[in-house]
Amino acid sequence: MTKKVCVIGGATTPFDYGPTGFESIEGGAAECIRETREDIPDFSMRDIDLMIYSHFSVHFGHQLCSEWIIHDHLGLVGVPQYRIENGGNTGGSALYAAALAVMSGHHDVVGVCGWETMDSVSQSQGSEFIALASDIRYELLVGGIYPIYYAAMANKWMKDNKVTEADVATIGAKNRNNAMDNAKAQWYRNEHKYITVDDVMNSRLISYPIKKYDCCLMSRGVAFLLICSEEYAKKVNPDGYVTIDGIGLSSCTIRAGDRLNFPGWTERYGKNYPGMTEFGACRSSADQAYKMAGIENPLKDIDFGEIHDAFSTSEAQIYKALYLADENNIAQFLRDESTHMHGQIPMNPGGGLMGYGHPVGATGLMSAIECFYQLSDLIPKKHLSKKTEVPDAECGIVNSHAGTGTSISNFIMRRS
Amino acid sequence: MGEVTIMKKRKKFAEEPNFTEKKSYRPEGVKETGLAFIGHEISEDGNVMNQFLHYDQLYTIRHGENSKFFKGLLEGKILGTRCPKCGDIWVPVRTHCWNLNCNLEKTEWLEMPLTAKVHTWTIAGWSGRSSLKRLPIVLVYAVIGNSNVAIANELHDIEPWNVEFGMPLKIVFKPEEERIGAVTDFHFKPADGWEPSPWNKEKERIQKLVEPVYEWVKTLK
């Protein structure tokens, strides 16, 4: 019998880029934990019996094993620790590892700390560093960076699903506008403006059909999330703890072009799936999480989500992978603004990667933290207003996504 | 009696390759500096300091079992691999079969035709640092011959707004003396006789998005 996994607290530093983001990584980690302690004062650093660190690229920090710097700064010598790295799904994978540690009963209180310092190099150099996580022998050299791979996938997906540029642009506007209610969000701290679908449509071409405002932000930021057993949750945060009822992690090819008819997929989901357009790893990790949490009708059973909107197009592709819509109604689902705050299933009320920011190792944890805030009634305290609170939310989904859909995790969280 | 030194002969586990062809095409001015702090900045209030670190390093990519593919590029050939058990064919190559029923069967090499078909495409208006000056780039994922997978590369000799799903392509190699054994040694071109479809709204939209990119690239130093 496995043990129930709970979330009892968490916080991020403000996400930022450039001159105004100046926390050291260990200072940022300490500040995140101090904020967590303000919410749950009965939590003591002495209770942590495992730390899992979540960090993507040593290229950005030019420091290998930078988790060692954070860990001893936190005073945790002697406490076991290790680091998870899994591209854009680093945060989700670290959360997966923490959940397994608690489920097994071997650990009771697990801290998960993630960070990235992407402003240590220029934007275009940063894009190239991230592209080192594609197959450099075949893709980086032909001018390929991640937005280009995603654009090629999205172009065909949009055609196959009769989705227009304006349809997906609603997502770029939605997440940035949600971020305007969140003082820690990079969009709030930098551009700081409400935008329209026209603004997205008129923004600079990144790679057709993706424009600048269809893309997430490059960020500096740190996040901390506290995972524990239900016994400990009841002791420290009896009224606000959240349970992780379903977890799923899956994988796909590194090169998107290798998915046309991969035997490992066709035997699961039939011929031509996922092709270059669908996220097979998102579907299969959702299948796992839904089954474990008893989700039968995702659109009805889930109230909201914090999902990996690296691009407005990929957020739309994720809706489909999560079974929120299919090829017959995905375009209408977007036109109905189903995932806006006033819609059936709000997505990324916290701002997502396009609004809050995307410091890779911290990103999945940021999503989980925002989901936790919604389910523990902390939004009025953590956001600037109740505008981005999902009223009476009982169940949320957290999604973390890497590569061109190469590693994806999904989590179902519920109010206790 | 003096001390006896026993000389152990180093056991050879594999023959060392004898590298007879060596070429260098390092651009001028590229140097490995190692680690060097090259400057700093301090805020007026004295509270915040940033330091600038420079680091360059030469890497050796050892292609191992994949070597034939990259050597093939130098010779103007696209080599693929095929599983002798299930018959699946790949470019980019796999040296062991992907089908779990084939239990990592070793694949065999074959020369691929220099023809392909567009699976999907995009027009890049932004890229990594080393590609900015080549923008806009038409990048396609295309299926070469009867490969089971698509490979990414640039499509030249076409107005960006004219690219089409499923269009036929040919593979063109750079002149032999310019090849470096990387995928940039070749690119795609529209197949002979291919004609673009008539002007339409989507093409007009793409042209509107792409034109500022041409202007922006002109401003790059």
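Letters A, B, ... are given to chains in the order of the sequence lines, protein chains preceding strands, and every chain is numbered from 1. Just so you know, these numbers use all the heavy atoms, side chains as well, and skip hydrogens, waters and symmetry mates. Remember, it's a predicted structure, so these values are computed and weren't measured experimentally.
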### Query
Contact part of B:P92 toward chain A, heavy-atom cut-off under 4.5 Å: side chain, backbone, both or neither?
both
### Query
Most heavy-atom pairs under 4.5 angstrom with chain B, which of A:Q123, A:R259, A:E165, A:E267?
A:E165
#### Entry: Segment of A:S207 engaging chain B (4.5 angstrom heavy-atom cut-off)
both
### Message
Can you tell me how the ring of B:Y141 sits relative to the ring of A:Y149, calling it parallel under 30°, perpendicular over 60° and tilted otherwise?
### Response
perpendicular
### Query
Are the side chains of B:V93 and A:Y138 in touch, meaning some heavy atoms are under 4.5 Å apart?
yes
### Task
Look at atom NZ of B:K71 and say whether more than 12 heavy atoms of other residues, nucleotides or ligands are closer to it than 6.0 Å.
no
### Task
Check each atom of B:N148 against the heavy atoms of chain A and say whether the ones under 4.5 Å are side chain, backbone, both or neither.
backbone
### Query
Is atom NZ of B:K133 surrounded by more than 12 heavy atoms (other residues, nucleotides or ligands) closer than 6.0 Å?
no
### Summary
Ranking B:V183, B:D88, B:I123, B:V140 by heavy-atom pairs under 4.5 Å to chain A gives rank one to B:I123
### Query
For the candidates A:S124, A:S122, A:G126, A:P209, which exhibits the highest count of non-hydrogen atom pairs separated by less than 4.5 Å from chain B?
A:S124
### Query
Just wondering, are more than 12 heavy atoms of other shown residues or ligands nearer than 6.0 Å to CD in B:E28?
no
### Message
Please classify the contact of B:W216 with chain A as side chain, backbone, both or neither, using a heavy-atom distance under 4.5 Å.
### Response
side chain
### Task
Please look at B:H187 and chain A and tell me whether the side chain, the backbone, both or neither of the residue comes under 4.5 angstrom of a heavy atom of that chain.
neither
## Note on the structure
Residues B:W121 and A:N155: closest non-hydrogen pair is O-ND2, 2.9 Å
### Summary
Between B:A182 and A:L141 the two heavy atoms that sit nearest each other are CB-CD1, 3.9 Å
#### Entry: Point-to-point distance, once rounded to the nearest 0.5 Å, from CE of A:M158 to OG1 of B:T120
11.0 Å
### Task
Heavy-atom pairs under 4.5 Å with chain A are the metric here; pick the option from B:N153, B:T184, B:I61 that has the most.
B:N153
### Full working for side chain to side chain contact (heavy atoms under 4.5 Å, CB included) between A:L260 and B:V143
CA-CA 10 Å; A:L260 304 189; B:V143 174; 3.8 Å; yes
#### Entry: Non-hydrogen side-chain atoms of B:P212 and A:L205 separated by less than 4.5 Å
no
### Task
Might you confirm whether atom CZ of B:R26 has over 12 heavy atoms from other residues, nucleotides or ligands at distances under 6.0 Å?
yes
#### Entry: Flag if over 12 foreign heavy atoms under 6.0 Å of CH2, A:W68
no
### Message
Just so I understand: if I count every heavy-atom pair under 4.5 Å between each of B:L100, B:I137, B:I206 and chain A, which residue has the most?
### Response
B:I206
### Task
Over all heavy atoms of both residues, which pair between A:D258 and B:R94 is shortest? Give the atoms and the distance, please.
OD2-NH2, 2.8 Å
### B:L35 atom CG, neighbour heavy-atom count above 12 within 6.0 Å
yes
#### Entry: Residue pair A:M201 / B:R205, side-chain heavy-atom distance below 4.5 Å
yes
### Query
With side chains defined as the heavy atoms from C-beta onward, is the minimum distance between A:H62 and B:L53 less than 4.5 Å?
yes
## Note on the structure
If one checks every heavy atom of B:F52 against chain A at 4.5 Å, the contacting part turns out to be neither
### Query
Is there side-chain contact between B:W126 and A:K211, with at least one heavy-atom pair below 4.5 Å?
no
### Message
Between A:S120, A:A152, A:S127, A:A131, who has the most heavy-atom pairs with chain B when the cutoff is under 4.5 Å?
### Response
A:A152
### Task
Find the distance between CG (B:L132) and CD (A:E128) and round it off to the nearest 0.5 Å.
8.5 Å
### Task
Evaluate the criterion side chain to side chain contact (heavy atoms under 4.5 Å, CB included) for residue pair A:R255 and B:I151; output intermediate values, then yes/no.
CA-CA 8 Å; A:R255 298 182 303 253; B:I151 188 170; over 6 Å; no
### Query
So with a 6.0 Å cut-off around NZ of A:K212, is the heavy-atom count from everything else above 12?
no
### Query
Tell me, side chain or backbone of B:N66 under 4.5 Å from chain A's heavy atoms, or both, or neither?
side chain
### Task
First locate atom NE2 of B:H119, then atom OG1 of A:T277, and finally report the distance between them rounded to the nearest 0.5 Å.
7.0 Å
### Task
Could you look at B:L135 and say if it's the side chain, the backbone, both or neither that has a heavy atom under 4.5 Å from chain A?
neither
### Query
By a 4.5 Å heavy-atom criterion (distance strictly below it), what part of A:F262 contacts chain B: side chain, backbone, both, or neither?
both
### Heavy-atom closest pair, residues B:G125 and A:R204
O-NH1, 2.9 Å
### Contacting region of A:I130 [heavy-atom separation from chain B under 4.5 Å]
neither
### Message
How long is the straight-line distance from CD of A:E139 back to CG of B:L139, given to the nearest 0.5 Å?
### Response
8.5 Å
### B:E176 CD: over 12 foreign heavy atoms closer than 6.0 Å
no
### Task
Identify which part of A:A151 has an atom lying under 4.5 Å from any heavy atom of chain B, answering side chain, backbone, both or neither.
both
### Query
Taking side chain as C-beta onward, heavy atoms only, is A:M276 less than 4.5 Å from B:V149?
no
### Message
I want to check something: taking the side chain as every heavy atom from C-beta on, are A:Y208 and B:E202 in contact at a cut-off of under 4.5 Å?
### Response
yes
### Partner of B:T122 by side chain to side chain contact (heavy atoms under 4.5 Å, CB included), out of A:I210, A:I206, A:I148
A:I148
### Message
Quick check on A:K159 against chain B: is it the side chain, the backbone, both or neither that has a heavy atom closer than 4.5 Å?
### Response
side chain
